[in-house]
Amino acid sequence: MSAVQDAAKERQRETRRGFSWPWSWQCPLFDEPFSLIGYVTGVLACYLAFSGWEAASTPVTGGDVTLFAALMSCGAVCVEASGRLGQPTGVWRDLLSAWWLPVALLLPPLYALAAPAVLGLLSYVRVPHGSVYRRVFSGAALGLSGALASALFHWLTPVAPQDLSGAWLTYPGPNTWLLQPSQAMVAFGCAVVFGVLNAGLVAVAAWLVDPDARLADMLWDRERMLLDLAETCVGILVTIACALSTLLLAVALPPVVLLQRSLLHSQLKLQARTDPKTGVLNAGAWQGEAALAVDRARRRHEPVAVLLADIDYFKRVNDTYGHLTGDAVLRMLAAEMRQQVRESDLVGRFGGEEFAILLHGTTAAEAYLVAERIRRGSGVVRVLTKDMIVGATVSIGVAVLGSHGGDLVELLESADRALYRAKRAGRDRVCLASPADGR
């Protein structure tokens with residue numbers, strides 16, 4: 001993509017964000033593009049309308065209320081047990097759907113609409129993190145998805161209500177569908193519908209924030225699909241236990257709490273390894289993984305290359321346009337570097353404006369070509385400010401295992417000397433490490 005096209009897209013995005021509502025300081029939603037404001041308010045309006053309809057048409061029974069309270073109590077225990085770990089910044093996942101799914105399949109749609117609001121409010125009170133409108137939108141998306149899945153399940157598996165008012169610890173409905181494979185498959189299909197609808201509603205909102213991104217990438221990837229499948233299976237197991245006896249929730253609760261804490265711990269661990277400004281590995285995480293990769297390549301006699309990239313005149317960018325613009329330049333260049341290398345390669349922020357890249361199975365000639373591709377791609381990256389378009393170039397030093405060093409420290413030293421040779425030669429260029437650099 002050319003610099004002109006990049007600038008045009010940035011200008012369009014700035015235009016969408018340029019209008020400021022008089023009350024935007026009270027709600028960050030009104031600082032977002034008009035399309036996102038309309039989408040979020042539309043989803044919330046549908047949620048409120050659906051909730052009002054269900055509240056007016058759904059009879060409230062003691063058995064339904066008891067089962068709903070039991071499931072929400074289990075969800076509250078999960079929230080409380082995971083609250084001490086904290087919550088990752090940005091988009092994060094949990095296993096609270098293990099309690100929403102039984103509500104959707106075993107109770108009328110009204111309770112599926114209410115469940116995310118109850119647990120969402122408790123989660124926000126316990127760990128007040130993130131924008132309120134994002135939490136409200138997430139709850140509305142979950143509520144709509146659960147209510148539609150609930151309506152679909154009850155339409156496909158109509159059951160006659162039973163008089164179990166005295167047995168308040170029993171699921172208030174027949175559980176014969178558990179013994180019929182076709183009915184069980186319908187339950188699993190509705191659970192998948194629940195996950196797909198929720199993912200779709202959230203992905204569209206994320207795409208409206210960044211229309212240049214691919215919607216398919218926001219919907220699905222391998223890790224997300226595995227996690228969604230695990231959530232669905234856990235939810236189905238909790239549903240079966242709950243349909244047999246509400247007392248079995250005491251058996252299902254401990255493993256779900258453990259899975260919830262493990263999931264949050266892995267996300268927090270990943271966050272601790274990531275540079276918050278650029279999204280790539282931080283210096284400590286990159287050095288740890290790169291050292292293991294270099295040792296493995298040395299034992300297997302495989303090639304590996306290390307690139308050090310430094311942004312030219314970055315201090316001038318900060319001094320002239322401000323640190324926020326400098327941070328935007330860092331993010332754009334980091335994204336460009338990640339796009340130009342393979343998923344298995346390691347990209348990290350090594351210093352203030354310096355990035356380190358490790359290329360697996362790459363010879364000197366191949367590493368030089370990759371570095372040139374990164375240099376050319378970085379040269380067309382543009383960040384739009386209020387007054388002008390800001391660009392930057394990078395200088396890159398390249399070192400290869402064996403020819404320029406026998407371990408990670410030696411490779412970094414060789415790449416660093418090659419980088420300074422590129423700086424002295426005029427910047428915006430790639431230099432391969434040479435024995436002359438040492439002198």
Side-chain angles (χ1 to χ4, degrees), residues 29 39-55 58 60 64-65 67-83 87-88 91-154 190-206 227-228 231-232 234-236 238-239 242 249 253 256-257 259-260 263-264:
L29 173 62
Y39 177 73
V40 170
T41 53
V43 170
L44 294 179
C46 292
Y47 173 79
L48 294 176
F50 202 176
S51 299
W53 172 271
E54 288 295 327
T58 302
V60 178
D64 289 343
V65 173
L67 179 57
F68 179 75
L71 289 168
M72 291 299 98
S73 298
C74 292
V77 171
C78 279
V79 172
E80 185 63 28
S82 304
Q87 291 178 354
V91 180
W92 54 279
R93 301 291 298 268
D94 54 37
L95 280 178
L96 291 180
S97 59
W99 313 112
W100 294 326
L101 190 57
V103 170
L105 296 181
L106 301 180
L107 296 174
L110 173 64
Y111 298 93
L113 290 164
V118 174
L119 292 183
L121 179 61
L122 176 61
S123 178
Y124 184 76
V125 171
R126 184 65 180 84
V127 186
H129 173 73
S131 301
V132 175
Y133 85 87
R134 292 184 180 180
R135 285 181 175 263
V136 172
F137 172 78
S138 298
L142 283 166
L144 286 175
S145 303
L148 292 174
S150 177
L152 179 63
F153 178 73
H154 288 89
C190 292
V192 173
V193 169
F194 169 73
V196 171
L197 287 176
N198 179 58
L201 289 172
V202 175
V204 170
L227 183 56
D228 289 339
E231 284 183 324
T232 301
V234 171
I236 290 293
V238 174
T239 302
C242 191
L249 288 177
L253 179 59
V256 174
V257 170
L259 290 174
Q260 166 89 351
L263 178 60
L264 287 179

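One is the number of the first residue; the rest follow in order along the sequence.
What you find for Ala104 and Ala112 is that their closest heavy atoms are CA-CB, 4.1 Å. In this structure, Ala114 and Phe68 approach most closely via the heavy-atom pair CB-CZ, 4.1 Å. Of all heavy-atom pairs between Thr232 and Ala191, the closest is CG2-CB, 3.6 Å.
Side-chain contact between Val118 and Leu122: absent, with no pair of heavy atoms (C-beta onward) separated by less than 4.5 Å. Between Cys74 and Val238, every side-chain heavy-atom pair lies at or beyond the 4.5 Å cut-off. Between Leu107 and Ser150 there is no side-chain heavy-atom pair separated by less than 4.5 Å.
Considering Thr239, Leu71, Asp64, Leu110 as possible partners of Val103, the one that fulfils the side chain to side chain contact (heavy atoms under 4.5 Å, CB included) test is Leu71.
Taking CE of Met72 as the start and CG of Leu119 as the end, the distance is 4.5 Å to the nearest 0.5 Å. To the nearest 0.5 Å, the span separating CD on Glu231 from CG on Leu259 amounts to 10.5 Å. His154 NE2 to Cys190 SG: the interatomic distance, rounded to the nearest 0.5 Å, is 9.5 Å. Rounding to the nearest 0.5 Å gives a distance of 8.5 Å between CG of Leu148 and CG of Leu152. How far CH2 of Trp53 is from OG1 of Thr58: 10.0 Å, rounded to the nearest 0.5 Å.
A search for side-chain contact (heavy atoms from CB on, under 4.5 Å) contacts involving Ala70 returns Thr246, Leu249, not counting sequence neighbours. Scored by the ring pair (Phe, Tyr, Trp, His ring centres under 6.0 Å) test, Tyr47 finds no partners at all (sequence neighbours excluded). By the ring pair (Phe, Tyr, Trp, His ring centres under 6.0 Å) test, Phe50 is found to be paired with no residue, residues two or more places apart in sequence or in another chain being considered. Applying the side chain to side chain donor-acceptor pair (under 3.5 Å) criterion to Ser73, with sequence neighbours excluded, gives no partner residue.
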Atom pairs and distances, side-chain donor-acceptor, residues 136-146, under 3.5 Å, sequence neighbours left out:
| unit_1 | atom_1 | unit_2 | atom_2 | d |
| --- | --- | --- | --- | --- |
| Ser138 | OG | Arg134 | O | 2.9 |
| Ser145 | OG | Ala141 | O | 2.8 |
| Ser145 | OG | Asn198 | N | 3.0 |

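Applying the side-chain hydrogen bond (donor to acceptor under 3.5 Å, both in side chains) test to pairs two or more places apart or on separate chains, none has a residue in residues 98-112.
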Item to complete: Check step by step if side-chain contact (heavy atoms from CB on, under 4.5 Å) holds for Tyr39 and Leu201.
Response: CA-CA 10 Å; Tyr39 177 73; Leu201 289 172; 3.4 Å; yes

